[in-house]
Amino acid sequence: VITISRQTGCGARGIAWILCDELNKRKPSDKNKWKYINREILQESAGQLNLDPGAVEKIIADKDRGIMDQIVGALSTHSYKSDQKILNTIHDVIRQFGTHGNVIIIGRGGASICSDIKLSLHVKLVAPEPWRIAEIARRLDFSKAYATEYVHNRDEERELLVSKLFGKKPDSTTYDIQMNCSRFTEKEIADSILQIASVKGII
C-alpha cells in the first residue's frame, strides 16, 4: 500500500495514475492490479451506513458537531448515525483497502491508519502557499482571492478530518517522505516514489 497525503493545490491524482500505470506495466495481470482510491472511501463508507455520500462528507467537514450528536443520537431514530460511527466506518474502510493491498490511498488519513502495515510507503506532498494558490486559480479558473480562500478552507478541512479520526493534529513523522511539488514534475515525483517503494520491498 502507498498512501499520498497532500496540501491543497498539490495534485495527487496525476501522480497516483502514473504510479498505477507503471506498477501494472511491471506486473501485467488482471489479478490484483494496482489502483488508486480517493472518493471511493466515502462512497464505500456511506454504503455501509446506508447514507448519502454527500451527507458523510458534510459531517466530516462540520467543525461544530460533537458531543451533542451523541445525545441526539440516543434520543433520535435508528436511522441517525453519530459522528463517531461515521468516522469509525471510514477508518475501517480505509483499513480494509490497505490490508487488501496493491492500492494507492489518497488522503483521508490513510497514512496514519495504514502506518503499521509492513509493506507500506507514506508520502506527503507539500508546496509553498503562493504556489498552491496559483495552481488552484489556474486549474479551477478561480480569482486569486477565491483561490486563497479555497486553499485555506480545504487545508483546514483535511486537518480536521485527521484530528477527528485520531484525536490529534496530523504528525509529520507519520510520513516516510515529503516532496515539494513546486520543484518537481508529477513524473519526477512518481519516479522517486517508485524507487523508494522498490528499496522498501513493496514492488
- Please say whether more than 12 non-hydrogen atoms of neighbouring residues, nucleotides or ligands are located less than 6.0 Å from CZ in Arg95. yes
- Query: Is a salt bridge present between Asp176 and Lys124, judged by a nitrogen-to-oxygen distance below 4.0 Å?
  - Reply: no
- Query: Do Ile105 and Cys114 have side-chain heavy atoms sitting under 4.5 Å apart?
  - Reply: yes
- Taking it one step at a time, do Arg6 and Ile106 satisfy side chain to side chain contact (heavy atoms under 4.5 Å, CB included)? CA-CA 8 Å; Arg6 78 285 193 209; Ile106 300 175; 3.6 Å; yes
- Item | Beyond-backbone contact of Ile18 with Glu186, side-chain heavy atoms, under 4.5 angstrom | yes
- Task: Please examine the side chains of Leu125 and Ile189, heavy atoms only from C-beta on, and report whether any two atoms are closer than 4.5 Å.
- Result: yes
- Item | CA sep, side-chain torsions, deciding dist, call: Thr8, Arg158, side-chain hydrogen bond (donor to acceptor under 3.5 Å, both in side chains) | CA-CA 9 Å; Thr8 305; Arg158 287 170 179 171; 3.3 Å; yes
- Message: Could you go through His122 and Ser5, starting from their C-alpha distance and side-chain angles, then the distance that decides it, and tell me whether this counts as side chain to side chain contact (heavy atoms under 4.5 Å, CB included)?
- Response: CA-CA 8 Å; His122 308 289; Ser5 178; over 6 Å; no
- Message: So, applying side chain to side chain contact (heavy atoms under 4.5 Å, CB included) with Trp34, which one of Asp21, Ile104, Leu19 is it?
- Response: Ile104
- Item | Electrostatic pair Glu135:Arg138 at N-O distance under 4.0 angstrom | yes
- Task: Could you please spell out the steps behind the side chain to side chain contact (heavy atoms under 4.5 Å, CB included) verdict for Gln7 and Asp155?
- Result: CA-CA 6 Å; Gln7 293 179 317; Asp155 278 347; 4.2 Å; yes
- Below 4.5 Å, heavy atoms only, C-beta onward: do Leu140 and Tyr150 meet side chain to side chain? yes
- Message: Does atom CZ (Arg139) have a neighbourhood of more than 12 heavy atoms from anything else shown, all under 6.0 Å?
- Response: yes
- Message: Can you confirm whether Lys187 is buried at NZ, in the sense that more than 12 heavy atoms of other residues, nucleotides or ligands lie under 6.0 Å from that atom?
- Response: no
- Item | Verdict with supporting geometry, Leu23 and Leu194, side chain to side chain contact (heavy atoms under 4.5 Å, CB included) | CA-CA 8 Å; Leu23 287 166; Leu194 287 169; 3.8 Å; yes
